[in-house]
2 protein chains.
Amino acid sequence: MAKPPSKVRNRLRRERAISEQHTSKAQVSIRDGLQTKETVSFGPLEDLFGYQLRRAWTVLRKDFTASVEGLGLRHLSFSLLSLISDNPGINQGRAGKVLDIQRPNMVALITELTDRGWVERRKDPEDRRALALFLTDDGQRILTEGFARIEQHESLLLASLSEAEKAVLFDMLKRISAPRIES
Amino acid sequence: MAKPPSKVRNRLRRERAISEQHTSKAQVSIRDGLQTKETVSFGPLEDLFGYQLRRAWTVLRKDFTASVEGLGLRHLSFSLLSLISDNPGINQGRAGKVLDIQRPNMVALITELTDRGWVERRKDPEDRRALALFLTDDGQRILTEGFARIEQHESLLLASLSEAEKAVLFDMLKRISAPRIES
DNA sequence: TATTGTTATACTCTATAACTATA
DNA sequence: TATAGTTATAGAGTATAACAATA
């Protein structure tokens with residue numbers, strides 16, 4: 001069952017063709033030549049938190065892509081692998097809730113990971129609707145390799161921040177994204 | 001010229017149908033009922049900067065969408081309007097470079113803004129390849145209204161941070177996303 | 001030759017409605 | 001009735017190659 005998702009197959013196929021287009025150039029070049037051609041004014045845009053956060057996230061996203069090149073990981077599949085590794089047997093719905101991924105979007109994601117042989121879906125004997133998720137040995141290997149590469153890249157990216165600054169930054173980001181449970 | 005981009009037309013049409021689905025619920029609920037069903041372990045994922053940044057950006061993105069509902073703004077079109085407002089006559093390529101938007105992706109973006117009557121494209125008499133961008137009065141009005149709403153939402157979102165913390169946060173984000181000009 | 005804007009195209013991520021099989 | 005997973009679909013953002021007009 002479950003029609004072969006061509007997108008996943010295509011991704012798997014495409015991967016073989018990737019060589020080394022860009023190594024690690026996450027720069028945002030504003031220069032047009034040797035000189036900055038015109039000065040650009042940002043105005044109040046620069047003072048919006050959303051704008052700064054988007055810019056920073058863009059840098060991190062590109063850096064992530066460069067760091068895991070060739071592994072077949074995207075940031076969503078990577079975070080999902082990591083979550084399954086730390087919570088063997090977790091089901092799709094719960095994993096999606098925790099990572100803020102909609103239920104329908106989990107399907108293709110998990111399918112891709114099982115197609116790659118990194119994750120197993122097993123019927124939960126206690127609730128025959130649910131599917132329990134487990135990492136394979138290959139999945140664990142990819143995850144470990146991914147973590148190593150990403151941590152190395154991140155440490156370079158954050159080299160300009162002190163340990164204390166990093167701690168403050170993490171704390172603030174968590175406070176912003178922490179689930180606001182109300183009623 | 002320029003075939004009518006159906007996506008833009010669809011968006012404009014769709015807009016009229018939007019009423020009030022969600023008012024401002026940018027919460028990430030982890031709860032399934034009254035009790036947290038199972039405890040989930042995040043492991044080293046929580047210590048990755050990229051992960052935390054993605055989570056925070058997701059919160060901001062949803063909050064942005066809620067705050068400008070009904071105005072027809074997305075975060076890209078909003079930042080573009082703002083840039084044009086502060087740099088009248090800037091051309092597409094330069095605006096795209098500054099905002100880190102690929103050249104081809106600028107086309108539909110600008111087309112949408114001109115279709116809405118918020119931006120004018122004028123041939124640059126000094127370089128007949130280039131198009132200079134200007135805001136219309138309507139564009140300026142929408143931008144002003146957008147800023148007012150977004151700033152209000154952001155102040156609520158960042159209410160848990162002190163002014164000093166916000167300053168530090170902005171400084172760090174800027175240091176991370178600052179263009180790294182090398183050679 | 002190089003650059004501006006453009007078209008075509010593809011991939012990733014996000015989001016909603018509706019279905020199925022179980023509970 | 002409600003929930004877990006699924007299908008279909010659409011919108012939004014990002015990315016590359018190739019072209020015409022102009023520099």
Side-chain angles (χ1 to χ4, degrees), chain A residues 1-3 5-15 18 21-22 32-33 37 54 57-58 61-62 64-65 73-80 90-97 99-112 121 123-133, chain B residues 1-15 17-18 21-22 32-33 37 54 57-58 61-62 64-65 73-80 90-97 99-112 121 123-133:
Chain A
M1 346 306 39
K3 266 184 297 181
S6 63
K7 278 192 178 178
V8 174
R9 315 296 181 184
N10 282 340
R11 179 153 46 222
L12 290 166
R13 221 176 299 126
R14 208 180 334 120
E15 220 152 90
I18 293 175
Q21 293 117 324
H22 44 65
D32 287 0
K37 239 202 305 202
R54 178 176 79 82
W57 164 238
T58 298
R61 186 178 41 74
K62 289 179 179 175
F64 178 95
T65 303
L73 287 171
R74 289 166 295 141
H75 60 268
L76 282 187
S77 55
F78 172 77
S79 57
L80 187 50
I90 192 172
N91 67 37
Q92 292 189 199
R94 180 136 193 85
K97 250 175 208 152
L99 295 177
D100 198 21
I101 303 172
Q102 306 288 322
R103 225 178 262 277
N105 299 329
M106 288 293 288
V107 179
L109 208 46
I110 302 279
T111 301
E112 181 197 339
R121 271 191 262 231
K123 288 247 175 200
D124 183 337
E126 300 194 354
D127 182 344
R128 301 204 334 273
R129 296 171 302 184
L131 294 173
L133 304 174
Chain B
M1 23 247 66
K3 264 184 299 181
S6 63
K7 277 192 179 178
V8 174
R9 316 295 182 186
N10 283 338
R11 180 152 45 222
L12 291 166
R13 222 176 298 125
R14 208 181 334 118
E15 219 153 273
I18 294 175
Q21 292 118 322
H22 43 66
D32 288 0
K37 239 204 308 202
R54 180 176 76 83
W57 165 239
T58 298
R61 187 177 42 72
K62 289 178 179 176
F64 178 95
T65 302
L73 287 170
R74 291 167 294 140
H75 60 268
L76 283 187
S77 54
F78 172 78
S79 58
L80 188 49
I90 192 171
N91 68 35
Q92 293 189 197
R94 180 135 194 87
K97 249 175 207 151
L99 295 177
D100 198 19
I101 302 173
Q102 305 289 320
R103 224 178 264 275
N105 299 330
M106 288 293 290
V107 179
L109 208 46
I110 302 279
T111 301
E112 181 197 337
R121 272 191 262 231
K123 287 247 176 202
D124 184 336
E126 301 196 353
D127 183 343
R128 299 201 340 270
R129 297 170 302 181
L131 294 173
L133 304 175

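Here is how names work: the chains are called A, B, and so on, in the same order as the sequence lines, proteins then strands, and each is numbered from 1.
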Legend entry - Partner set under ring-ring contact (aromatic ring centres under 6.0 Å, His included) for A/F64, not counting sequence neighbours: A/F78

Starting from [atom2] on [N], measure out to [atom1] on [X] and report it in whole angstrom.
| X | N | atom1 | atom2 | answer |
| --- | --- | --- | --- | --- |
| B/F78 | D/dA12 | CZ | C1' | 18 Å |
| A/D100 | C/dA15 | CG | C1' | 11 Å |
| B/K62 | C/dC13 | NZ | C1' | 12 Å |
| B/I101 | C/dG5 | CD1 | C1' | 15 Å |
| A/M106 | C/dA15 | CE | P | 14 Å |
| A/R121 | D/dA4 | CZ | P | 16 Å |
| A/I110 | C/dC13 | CD1 | P | 14 Å |
| A/L73 | C/dC13 | CG | P | 11 Å |

Inset, instruction - Identify, between A/R61 and A/N91, the residue whose nearest nucleotide on DNA chain D lies closer to the 5' end. - result: A/N91

Inset, instruction - Could you say whether A/Q92 or A/T58 is positioned toward the 5' end of DNA chain D, judged by the nucleotide with the nearest heavy atom to each? - result: A/Q92

Hey, is the side chain of [X] poking within less than 4.0 Å of OP1 or OP2 on [N], counting only N and O atoms?
| X | N | value |
| --- | --- | --- |
| B/R74 | D/dT14 | no |
| A/H75 | C/dC13 | yes |
| B/R94 | C/dG5 | no |
| A/Q102 | C/dA15 | yes |

Legend entry - Distance (rounded to the nearest 0.5 Å) between A/W57 CH2 and A/H75 NE2: 4.0 Å

Inset, instruction - Nearest 0.5 Å please: distance from the CG atom of A/D100 over to the NZ atom of B/K62. - result: 3.5 Å

State which residues pass side-chain contact (heavy atoms from CB on, under 4.5 Å) with [X]; sequence neighbours excluded, sorted by chain then number.
| X | result |
| --- | --- |
| B/R103 | B/K97 |
| A/R121 | A/Q92, A/I110, A/T111, A/T114, A/L131, A/L133 |
| B/I101 | B/L76, B/L99, B/N105, B/M106, B/L109 |

Legend entry - Set of salt bridge (charged side-chain N to carboxylate O under 4.0 Å, His left out) partners for B/D124, sequence neighbours left out: none

Which of these nucleotides, [options], is closest to any side-chain atom of [X]?
| X | options | answer |
| --- | --- | --- |
| A/L76 | D/dG5, C/dT4, C/dT14 | C/dT14 |
| A/L131 | C/dT14, C/dT6, D/dG5 | D/dG5 |
| B/R103 | C/dA15, D/dT6, C/dG5 | C/dG5 |
| B/N105 | D/dT6, D/dT14, C/dA15 | D/dT14 |

Legend entry - Nearest-nucleotide comparison on DNA chain C, the residue closer to the 5′ end among B/A132 and A/S77: B/A132

Legend entry - Reading 5' to 3' through nucleotides 17-23 of chain D, protein heavy-atom contacts under 4.0 Å coded B for base, S for sugar-phosphate only, - for none: B---BBS

Inset, instruction - Might you point out which heavy atoms bring B/S77 and B/R74 nearest each other, and give the distance in Å? - result: OG-N, 2.9 Å

